[in-house]
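The structure appears right after this line, and notes come after that.
None of these values were measured; they are calculated from a predicted model. In the text below, chain A, chain B and the rest are named by the order of the sequence lines, each starting its count at 1. All values below come from the heavy atoms of this structure, side chains included, with hydrogens, waters and symmetry mates left out.
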Amino acid sequence: MKSLLKVTLYMTTAAGMLLGQSAMADTSDKRIALSNNYAGNSWRQAMLRSWEKVTSEAVSNGVVAAADAFTTAENQVTEQAAQIQNLILQGYDAIVINAASPEGLNGSVKEACDAGVTVVSFDGIVTEPCAWRIAVDFKQMGKDEVLYLAEKLPDGGQLLEIRGLAGVFVDDEISAGIHEGVAETGKFEIAGSVHGNWAQDVAQKAVAGILPSLPDDIVGVVTQGGDGYGAAQAIKASGRDMPIIVMGNRHDELTWWKEQKDANGYETMSVSIAPGVSTLAFWVAQQILDGADVPKDLTVPFLRIDQDNLEENLANTEAGGVANVEYSLEDAQEVIKGAM
Amino acid sequence: MSGRLSPRLLRSLLPPLSLAALLIAIFWLQPRTMSYFGLNLLLNLAIPIALATIAQMFILCVNELDLSIGGFVSLVACITATWLHDTPLLGIAALAGLIAAYAALGALIHLRNLPSIVVTLGMSFVWLGLAVLVLPTPGGNAPEYIRTLMTLKPAYIPFPIIASVVIALVVHVGLMRSAHGTVLRGAGGNPRSLECAGWSLLKIKMGMFALAGFFGVLSGMALVGLTTSADANIALRYTLLSIAGVILGGGEFVGGRVSPIGAVIGAITLALAGSFLSFLRLNPDWQIGAQGAILIIVLALRVLIGRAEARK
């Protein structure tokens, strides 16, 4: 009886969804492939798991016929180019790409477009004009950190900046955003900056090294993710007052924040890109196949964690992982509408 | 014994047979590939690999090994997508300079009696560094004529097949069927007697390295024609692919025993092995291992044939 009820419930929801999204049935015979260049870190693993979770549900609901993930064995441009050409031959209607190179795959992407395949790139985007791009606005992410601090610290003060891996585009972008935010708010000064390489141990060593040369009144630490916990450990060891350290959604960072919040009401925020962005790309591809009018350039929303939703996000983050969120069809439509 | 195939024939038949077996498996797994369009997509990325393999073959022919060909092809790709596109004269001069640099490497290795593995391993970082200097962030544009050539759609036979046959035949005639080619191969087989006969080993090595550089340049240009733009890391995989391609095609590490036709077939086989595994829907974690397994199977067959040859 219970299962019958479940089935009825499920069917009603499905019917409701069908009514709400009249176009959904049109893609039921379409096949979407994910071409991924690398799976060697926790972010990418979470990305693949999110893809698997959301797309298998979409397939069993009949939204699309198939949504298979392919990862190249080695993170190499030529290998991924061949993989994309193989996916064209396998007859997929759309290919969602996290690319090894923004330019090196353009020839294969063009082949795909010419063969009538829809190409959606995300995270590692491709520049070929016929493809769609779901890009991350890293600059805005850096700026948001400073805007948050400006709101929390109306009097301003000295900041410590922890940067990422030198020479990588992402590092330059986030840092540019931070500096833009500092210039715009006009109440902060960056007293020092170190490279934490997005890793807790490197950040801890780097911060411990620069602390003695910094003034005593550091009020905030702006970070790039993966470095907040290390910074906190270094500052704690130095015996200084704990400044507001912006976190980057890693499990250890959120855990530390929770401990501090429970112990002394510590307040901060945390921001990063959710690995589930692959599912956003999936829905965007589905919408394009559906005939929706989608602009070629879309922006990924950030996953921001604040004081009040910390516990909820921490509970959903596995140890050693990154806070994640899976996107729904409605989220994708929202993003598309926002870009119009 | 007349009814049975001789080991020597078997040995030269092994590469084409492996390729045929792989092709049949791919056609069976994915019938869509059995078309003009399918073969084109399946094989076009094999052209630059085949050219790089030919380059590697010239080096192996004189008992040396080139660990820098991947970095070299990447550098050529970067120059092709930038200088050759924007200022053709500078581009041509740079590419000619690179070929001369390869010849100089051959001279250095020969005169100082240095191990080529060490020299070329060092050079691979130089090429990569230069590639980053030429093209710090991925980009550039393929010169129009290269793009047109690489996307040519001749009637009936897909371009990659025509290109492979032309490459194989040209090198075969030059290296295997000409008097000068015999001398060049002799430098790998018996350098001392060649020297006694009055040939300059220095010139031969420089010539072979220059030829390798020339085909490396062709490989980089072909690659950019396919990808439309370059990346400093675009062809790093070619180092290992090219060595494996030569060996798979029936070449040996020493003794000047190489085969241009076999090398092209070996390169295509390796490129197809990747597609085959992908069509099989094999877990990517296993794919490198499986690719290695295909190599080992073919080489094991060769060892068996070699034993039969020795027993005769």
Taking all non-hydrogen atoms of both residues into account, name the closest pair between [X] and [Y] and its distance.
X	Y	value
B:Arg32	A:Gln90	NH2-O, 3.6 Å
B:Leu41	A:Glu111	CD2-OE1, 3.6 Å
A:Asn106	B:Ser229	ND2-OG, 3.9 Å
A:Ala115	B:Phe37	CB-CZ, 3.7 Å
B:Ser275	A:Asn86	OG-OD1, 3.0 Å

Could you go through the side chain to side chain contact (heavy atoms under 4.5 Å, CB included) check for B:Ile234 and A:Glu103 one step at a time?
CA-CA 10 Å; B:Ile234 196 161; A:Glu103 302 273 353; over 6 Å; no
Are the side chains of A:Thr78 and B:Leu223 in contact, using a 4.5 Å heavy-atom criterion?
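The answer is yes; the side chains approach within 4.5 Å.
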Within-4.5 Å side-chain heavy-atom neighbours: B:Leu42 and A:Gln85
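With C-beta onward as the side chain, the pair stays apart.
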Taking everything shown except [X] itself, do over 12 heavy atoms lie less than 6.0 Å from its [atom1]?
X	atom1	answer
B:Phe125	CZ	no
B:Ile157	CD1	no
A:Phe138	CZ	yes
A:Lys53	NZ	no

Whatever's closer than 4.5 Å to a heavy atom in chain A on B:Leu226 counts as backbone
### Task
Against chain A, work out which of B:Asn44, B:Leu236, B:Leu29 has the most heavy-atom pairs shorter than 4.5 Å and name it.
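Highest number of heavy-atom pairs under 4.5 Å: B:Asn44.
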Most heavy-atom pairs under 4.5 Å with chain B, out of A:Pro102, A:Ser108, A:Gly91, belong to A:Gly91
Rounding to 0.5 Å, atoms CD (A:Gln83) and CG (B:Leu45) come to a distance of 12.0 Å
One should read off an interatomic distance between A:Leu89 CG and B:Ile26 CD1, to the nearest 0.5 angstrom, of 9.5 Å
